[in-house]
Amino acid sequence: MGQPIPVLVVDDHFVVRKGVCALLAGAEGIVVAGEAGDGEQAIAEARRLRPRVILMDLKLPGLDGVAATRRILAELPETAIVILSGSDVEEEVLAAIAEGALGYLAKTSPREDFLQAIRRAAQGESWLSARLTRRLMNHLKPRLQQDHGEPLTAREREVLAMLARGWSNRRISQELEIAEITVRTHVSHVLGKLGLNSRVEAALHAVRSDKSSPPGS
């Protein structure tokens with residue numbers, strides 16, 4: 001068995017933060033590496049601990065979760081960030097996804113969702129539950145309906161379908177037997193042609209177009 005996935009838990013509410021840590025306690029292959037109570041502390045702890053996954057609350061004092069996500073990913077792009085929120089869908093979730101967060105969990109999600117989200121994010125794969133996918137698609141509907149004119153190539157459509165399954169670049173490269181750098185190029189072209197900001201938004205677009213199953217399903 002490989003090394004456990006180090007996780008940084010970020011939430012300004014002590015009881016919630018400790019509750020998430022307790023939820024993860026004893027999980028196979030996962031270890032809580034640290035905690036943070038605000039955005040600036042989250043950045044400092046990310047630098048110090050180099051966690052593989054960060055569970056990031058949005059409503060943080062001072063520097064909020066979206067800004068903290070932006071700064072952490074600019075400095076530590078290999079870090080996987082999964083957003084935590086008490087609400088079903090809010091604008092900040094979409095902003096964090098646009099900044100590169102790989103998924104979203106409601107704080108009321110069952111333990112198994114937390115564990116699956118962490119394990120998938122650690123592999124560079126996205127996580128959205130089916131229920132939250134539907135809500136996010138409704139929230140993003142105007143943008144997802146836009147016609148940006150330039151059609152996707154056959155290979156780009158293949159990549160888009162795999163993004164809809166939440167797959168990482170590595171997994172896509174293995175499936176298609178092409179280099180990861182080529183996958184990154186295809187993903188970049190897909191986002192540009194569809195006018196989207198992130199691979200999670202691309203996944204939502206694909207799901208809305210019935211190209212694949214919701215990520216995390």
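Keep in mind it's a predicted model, so treat the numbers as computed, not measured. Excluded from the calculations below are hydrogen atoms, water molecules and symmetry mates; all remaining heavy atoms, backbone and side chain alike, are included.
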Inset, instruction - Please indicate whether Gln123 has more than 12 foreign heavy atoms, meaning atoms of other residues, nucleotides or ligands, lying under 6.0 Å from its CD. - result: no

Legend entry - Exercise: identify the closest heavy-atom pair between Ala121 and Ala80: O-CB, 3.3 Å

Inset, instruction - Could you please spell out the steps behind the side-chain contact (heavy atoms from CB on, under 4.5 Å) verdict for Glu156 and Leu160? - result: CA-CA 6 Å; Glu156 288 165 355; Leu160 178 59; over 6 Å; no

Legend entry - For Asn169, the option from His186, Arg199, Arg184, Glu125 that meets side chain to side chain donor-acceptor pair (under 3.5 Å): Arg199

Legend entry - Nearest non-hydrogen partners of Ala67 and Leu63, listed with the distance: CB-CD1, 3.4 Å

Legend entry - Nearest-0.5 Å distance, OG of residue Ser173 to CD1 of residue Ile181: 12.0 Å

Legend entry - Heavy atoms from other residues, nucleotides or ligands near CZ of Arg170 exceed 12 (cutoff 6.0 Å): no

Legend entry - Heavy atoms from other residues, nucleotides or ligands near CD of Glu112 exceed 12 (cutoff 6.0 Å): yes

Inset, instruction - For Leu8 and Ala36, work out which heavy atoms get closest and say how close. - result: CD1-N, 4.3 Å

Legend entry - Euclidean distance, Ile81 CD1 relative to Ile72 CD1, rounded to 0.5 Å: 4.5 Å

Inset, instruction - Report the distance from atom OG of Ser109 to atom CG of Leu115, rounding to the nearest 0.5 Å. - result: 11.0 Å

Inset, instruction - Taking all heavy atoms of Ala25 and all of Arg111, pick out the closest pair and write down the distance. - result: O-NH2, 3.3 Å

Legend entry - Residue pair Arg50 / Pro6: nearest heavy atoms and the distance that separates them: O-CG, 4.5 Å

Inset, instruction - To the nearest 0.5 Å, tell me how far Leu55 CG sits from Ile118 CD1. - result: 4.5 Å

Inset, instruction - Treating Ile, Leu, Val, Met, Phe, Trp and Tyr as nodes and any side-chain heavy-atom pair under 4.5 angstrom as an edge, say whether Ile30 and Leu102 lie in one connected cluster. - result: no

Inset, instruction - Consider only side-chain heavy atoms of I, L, V, M, F, W and Y, link residues closer than 4.5 Å, and tell whether Val200 and Tyr104 are in one cluster. - result: yes

Legend entry - Nearest non-hydrogen partners of Ala46 and Leu76, listed with the distance: O-CD1, 3.5 Å

Inset, instruction - Measure the NZ-CG distance between Lys59 and Asp11 for me, rounded to the nearest 0.5 Å. - result: 12.5 Å

Inset, instruction - Without swapping roles, check the side chain of Arg52 against the backbone of Ala122 for a donor-acceptor pair under 3.5 Å. - result: yes

Legend entry - Pairwise salt bridge (Lys or Arg N to Asp or Glu O under 4.0 Å) hits with a residue in residues 30-45, at least two apart: Arg17-Glu35, Lys18-Glu35, Glu40-Arg71, Glu45-Arg48

Inset, instruction - Report yes if some heavy atom in the side chain of Met162 is under 4.5 Å from a heavy atom in the side chain of Leu176; otherwise report no. - result: yes

Legend entry - Flag side-chain contact, heavy atom, 4.5 Å: Glu99 against Ile83: no

Legend entry - Rounded distance (nearest 0.5 Å) linking atom CZ of Arg120 with atom CG of Asp113: 11.0 Å

Legend entry - Note, Val190 side chain near Leu196 side chain (heavy atom, < 4.5 Å): no

Legend entry - Among Ile43, Leu84, Leu58, Leu60, the one residue meeting side chain to side chain contact (heavy atoms under 4.5 Å, CB included) with Val10: Leu60

